[in-house]
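In what follows, a structure is listed as structure tokens, so that the remarks can point back to it.
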Amino acid sequence: QVQLVESGGGSVQAGGSLRLSCTASGLTYDTACMGWFRQAPGKEREGVAAISPSGSQTFYADSVKGRFTISRDNAKNTLYLQMNSLKPEDTAMYYCAASRNLYSCTNPLVRNNVALWGQGTQVTASS
């Protein structure tokens with residue numbers, strides 16, 4: 001069964017940190033461009049960060065640059081998102097995503113390029 005399963009969400013105070021994890025199964029993980037998206041109530045789902053299959057390239061939305069770090073462990077088929085200095089505006093459901101692109105990333109923060117979504121994990125940062 002092809003699936004992505006996220007974990008690690010929760011509630012923190014503004015300025016705090018959380019680490020999200022996403023475990024992939026049923027796909028050739030080390031060839032997939034992977035990413036994280038988020039969706040706040042009443043807003044469009046937006047790309048947050050992405051990483052190339054080898055991990056050599058990373059991509060970030062301007063709103064999270066310098067605060068969030070995406071990484072992957074291909075031996076464990078796992079994707080991570082380290083979120084530091086969280087702000088109330090980071091509050092959203094966070095989704096792990098596998099891109100349609102294999103072997104490289106092309107426009108990885110564009111929602112239409114996603115081939116597979118996880119079920120989401122809630123992140124809440126309160127002031």
Side-chain angles (χ1 to χ4, degrees):
Q1 183 179 3
V2 180
Q3 63 176 359
L4 302 172
V5 179
E6 302 99 333
S7 61
S11 296
V12 296
Q13 290 199 327
S17 298
L18 284 172
R19 188 193 196 203
L20 305 184
S21 298
C22 168
T23 301
S25 58
L27 69 159
T28 309
Y29 180 75
D30 60 0
T31 65
C33 174
M34 299 293 298
W36 291 95
F37 286 68
R38 68 185 181 187
Q39 187 168 18
K43 294 190 175 182
E44 295 284 323
R45 191 172 297 188
E46 62 176 357
V48 174
I51 187 166
S52 62
S54 68
S56 61
Q57 285 186 296
T58 55
F59 308 82
Y60 295 96
D62 288 343
S63 58
V64 305
K65 279 181 183 175
R67 300 188 298 121
F68 290 11
T69 302
I70 189 170
S71 62
R72 65 191 295 163
D73 184 338
N74 287 348
K76 295 181 179 180
N77 282 11
T78 301
L79 180 72
Y80 303 99
L81 184 68
Q82 177 67 44
M83 303 184 294
N84 298 328
S85 302
L86 281 161
K87 303 176 180 180
E89 51 263 43
D90 294 319
T91 295
M93 186 72 78
Y94 282 70
Y95 297 90
C96 177
S99 171
R100 301 182 187 281
N101 304 132
L102 298 178
Y103 306 110
S104 65
C105 290
T106 302
N107 296 322
L109 301 183
V110 173
R111 182 178 174 177
N112 287 347
N113 284 339
V114 174
L116 179 67
W117 296 99
Q119 84 286 354
T121 185
Q122 178 68 36
V123 170
T124 303
S126 56
S127 57

Working note: Tyr60 + Thr69, criterion side-chain contact (heavy atoms from CB on, under 4.5 Å); need CA distance, chi angles, decisive distance, verdict.
CA-CA 9 Å; Tyr60 295 96; Thr69 302; 3.9 Å; yes
(message) Less than 4.0 angstrom from a charged side-chain N to a carboxylate O is my criterion; do Asp90 and Lys87 meet it?
(response) no
Is there a chain of hydrophobic side chains (I, L, V, M, F, W, Y, each step under 4.5 Å between heavy atoms) that links Val48 to Trp117? no
Does Ile70 share a hydrophobic cluster with Leu27, counting links as ILVMFWY side-chain heavy atoms below 4.5 Å and allowing steps through other members?
-> yes
All heavy atoms of Leu79 vs all of Gly35, minimum pair found to be CD2-O, 3.7 Å
Cluster membership besides Val110, Ile/Leu/Val/Met/Phe/Trp/Tyr side chains within less than 4.5 angstrom, sorted by chain and number, is none
For Glu44, does its backbone N or O pair with a side-chain atom of Arg111 as donor and acceptor, under 3.5 Å?
no
Just by distance, do the side chain of Arg45 and the backbone of Met93 share a donor-acceptor pair under 3.5 Å?
-> no
Note, Leu4 side chain near Tyr95 side chain (heavy atom, < 4.5 Å): no
Gln119 side-chain N/O to Val5 backbone N/O, donor-acceptor pair under 3.5 Å: no
Q) Taking C-beta and beyond as the side chain, do Leu20 and Met83 meet within less than 4.5 Å on heavy atoms? A) yes
dist Glu89:CD -> Ser63:OG (nearest 0.5 Å) comes out at 9.0 Å
| said: Is the shortest side-chain heavy-atom distance between Pro108 and Gln57 below 4.5 Å? | reply: no
Here the gap from Tyr103 atom OH to Ser52 atom OG, rounded to the nearest 0.5 Å, amounts to 14.0 Å
Shortest non-hydrogen pair, Ala92 vs Ala40, comes out as CB-N, 3.8 Å
Between the CG atom in Leu81 and the CE atom in Met34, the distance rounded to the nearest 0.5 Å is 12.0 Å
message: If we ignore hydrogens and angles and just use 3.5 Å, is the side chain of Asn101 paired with the main-chain N or O of Cys33 as donor and acceptor?
response: no
inquiry  = Tell me if a side-chain donor or acceptor on Asn74 pairs with a main-chain N or O of Ser54 at a distance below 3.5 Å.
reply    = no
All heavy atoms of Gln122 vs all of Thr91, minimum pair found to be NE2-CG2, 4.0 Å
In terms of heavy-atom contacts, Tyr29 and Asp73 come closest through CE2-O, 4.0 Å
Between Leu86 and Ala125 the two heavy atoms that sit nearest each other are CB-CB, 4.0 Å
Heavy-atom side-chain proximity of Asn84 to Ser17 below 4.5 angstrom | yes
Distance col, row Asn77:CG vs Thr28:OG1, nearest 0.5 angstrom, shows 9.0 Å
Q. Between Trp36 and Cys96, is any pair of side-chain heavy atoms under 4.5 Å apart?
A. yes
Ignoring hydrogens and angles, tell me if any N or O in the side chain of Arg72 forms a donor-acceptor pair with the backbone of Gly55 under 3.5 Å. no
Heavy-atom nearest pair, Phe59 first then Cys105, reads CE1-CB, 3.7 Å
query: So do Val64 and Arg38 actually touch side chain to side chain, heavy atoms under 4.5 Å?
result: yes
Notebook entry, point to check: Is it the case that one hydrophobic cluster holds both Phe37 and Leu18, taking links as side-chain heavy atoms less than 4.5 Å apart, direct or via other members?
Noted result: no
